[in-house]
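Counting starts at 1 for both ligands and their atoms, following the listed order. The basis for the numbers below is simple: all heavy atoms, side chains too, and nothing from hydrogens, waters or symmetry mates. Numbers for residues simply follow the sequence, beginning at 1.
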Amino acid sequence: MNSAQPWPGVIRRYASFLPVTAETPVVTLLEGNTPLIPVPAFVSAIGGRFDLRLKYEAMNPTCSFKDRGMTMAITKARERGAKVVVCASTGNTSASAAAYAARAGLKCVVLLPKGKIAMGKLSQALLYGATTVSIEGNFDDALRIVRELGEAGQVEVVNSVNPVRIEGQKTAAFEICDALGDAPDFHFLPVGNAGNITAYWKGFREYAEAGLSDTLPKMMGWQAAGAAPLVLGHPVANPETVATAIRIGNPASWQGAVEAARDSGGSIRSVTDDEILHAYKLLARTEGIMVEPACAAPLAGLIQSIAAGEIPDGALVTATMTGHGLKDPDTAIRVAGFEPHIVPASKEAVMAVMGL
Ligand code: F0G
């Protein structure tokens, strides 16, 4: 598009690829158009010899990739005349649903696993005014209840079981191709409920079919070891991981994820919480980029892939950083490994801390 025109949000930018018409009442916070940041110092710190670019989805209006799907879901809910939207969430979907529902004047109800939501995400849902329900169970329990509510027919479900969510989220793959002039060789991303890997693969394929890119990337999805149903091949009853965003035992888009990995020649594998936290801190310290822990799963995965000799020298690799580090300040402070120095209010005291 003409760079002199202001960014119109993902629906208007990619309307020809989306189930909308000129009459669709678009609800947007001008999401999308997020940066693709080169991270050479991180690559060299992990011993790689390739070009890595991070799709920094933290720059969306509610600071996660969910806004791409939510602009579609809330737009379609409004088009259909829905009054109430509902979702289950590990936090980011609820923040996004609450924001876009507020923008559209719809009532929003979010179901969250009790005690397992990062503080930033909870603060968003509450401030945007969503009716916030803590379920004494995990995400999978919450999604089961949401599906039941959807079947009863009085509410619009805005989880990625709603296919328009996937449609919106595929625009991130379009943006990557637009920025690079073609698809990358590999695309790395975290996998939880598996909507996003499904969406990216759909986006990369549609762009190639439309002649807007020539190649397709290998899709490399990463789960947390304690919540890795797609790696194990069966649901996990009690998923656990420090990366609460992907603490999911029975992903809704199971089939889509398996197909993305298989058809692209990629894979879905797992990394431990220690590996996740190592990569999380390393990215912050080498590049000054703060992401939430789930985003570090594919970064830890890259370290595994380098060790396995899977990434050729000079390859072009992209990875989605799905959410902002400020979503989860508790983990950041814990992992940082030190606390502020408390000193008297004098130059001498500060110089002593500096070792001067
Ligand atoms: N990264 C972050 C930061 C997420 O919030 C999520 C999912 C994922 C990765 C995984 O994406 O589910 O499409 O495979 N969060 C959902 C939520 C489950 O409720 O916010 P996925």
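- Looking at ligand 1, you'll find an N or O of Gly192 within less than 3.5 Å of one of its N or O atoms.
- Below 4.0 Å from some heavy atom of Val191 lie the following atoms of ligand 1, by number and element: 14 (O).
- Residue-ligand proximity, Gly195 to ligand 1, at heavy-atom distances under 4.0 Å covers atoms 13 (O), 14 (O), 21 (P).
- In this structure the side chain of Glu57 reaches within 4.5 angstrom of the side chain of Thr34, judged on heavy atoms.
- Against a heavy-atom cut-off of under 4.0 Å, Ile248 is close to the following atoms of ligand 1: 18 (C).
- Looking at Ala245 against ligand 1, both its backbone and its side chain come within 4.0 Å, counting heavy atoms.
- Of the N or O atoms in Asn193, one or more lie within a sub-3.5 Å distance of an N or O in ligand 1.
- Within 6.0 Å of CZ on Arg49 lie no more than 12 heavy atoms contributed by other residues, nucleotides or ligands.
- Of the options Thr90, Asn196, Thr320, the smallest heavy-atom separation from atom 13 (O) of ligand 1 is shown by Asn196.
- For ligand 1, the atoms closer than 4.0 angstrom to any heavy atom of Ala294 are 1 (N).
- The pair Arg68-Glu175 meets the salt-bridge criterion, with a side-chain N (NZ, NE, NH1 or NH2) lying under 4.0 Å from an Asp/Glu carboxylate O.
- Counting non-hydrogen atoms of other residues, nucleotides and ligands closer than 6.0 Å to CD1 of Ile342 gives a total of 12 or fewer.
- Protein heavy atom nearest atom 2 (C) of ligand 1, with residue, atom name and distance: Thr322 OG1, 3.2 Å.
- Nearest protein neighbour of atom 20 (O) of ligand 1, counting heavy atoms only, is Thr93 N, 2.8 Å.
- The side chain of Ile246, and not its backbone, has at least one atom closer than 4.0 Å to an atom of ligand 1 (non-hydrogen atoms only; side chain from C-beta on).
- Taking the side chain as every heavy atom from C-beta outward, Lys107 and Val85 never approach each other to under 4.5 Å.
- Contact analysis leaves Leu189 out of contact with ligand 1, as no non-hydrogen atom separation drops below 4.0 angstrom.
- No more than 12 heavy-atom neighbours from other residues, nucleotides or ligands sit within 6.0 angstrom of CE on Met59.
- The shortest N or O to N or O distance between Asn92 and ligand 1 is below 3.5 Å.
- The environment of Asp330 atom CG is dense: over 12 non-hydrogen atoms of other residues, nucleotides or ligands sit within 6.0 angstrom.
- Judged as a side-chain hydrogen bond (donor to acceptor under 3.5 Å, both in side chains), the pairs with a partner in residues 331-356 (not counting sequence neighbours) are, in order, Asp328-Thr331.
- Side-chain atoms of Asn60 come within 3.5 Å of backbone N or O of Gly32 as a donor-acceptor pair.
- Atom CD of Glu136 has 12 or fewer neighbouring heavy atoms from other residues, nucleotides or ligands inside a 6.0 Å radius.
- Counting protein heavy atoms only, atom 7 (C) of ligand 1 is closest to Lys66 NZ, 3.1 Å.
- Side-chain contact between Val158 and Ile74: present, with at least one pair of heavy atoms (C-beta onward) separated by less than 4.5 Å.
- The shortest heavy-atom distance from Ser64 to ligand 1 is not under 4.0 Å.
- Residues in residues 203-229 take part in these salt bridge (Lys or Arg N to Asp or Glu O under 4.0 Å) pairs, two or more places apart or across chains: Lys170-Glu206, Lys202-Glu206.
- Looking at Pro190 next to ligand 1, no N or O pair under 3.5 Å apart turns up.
- Checking only distances, Ser89 does come within under 3.5 Å of ligand 1, N or O to N or O.
- At a heavy-atom distance under 4.0 Å, only side-chain atoms of Glu292, from C-beta outward, approach ligand 1.
- Of the candidates Tyr200, Phe65, Trp222, Phe139, it is Phe65 that places a heavy atom closest to atom 6 (C) of ligand 1.
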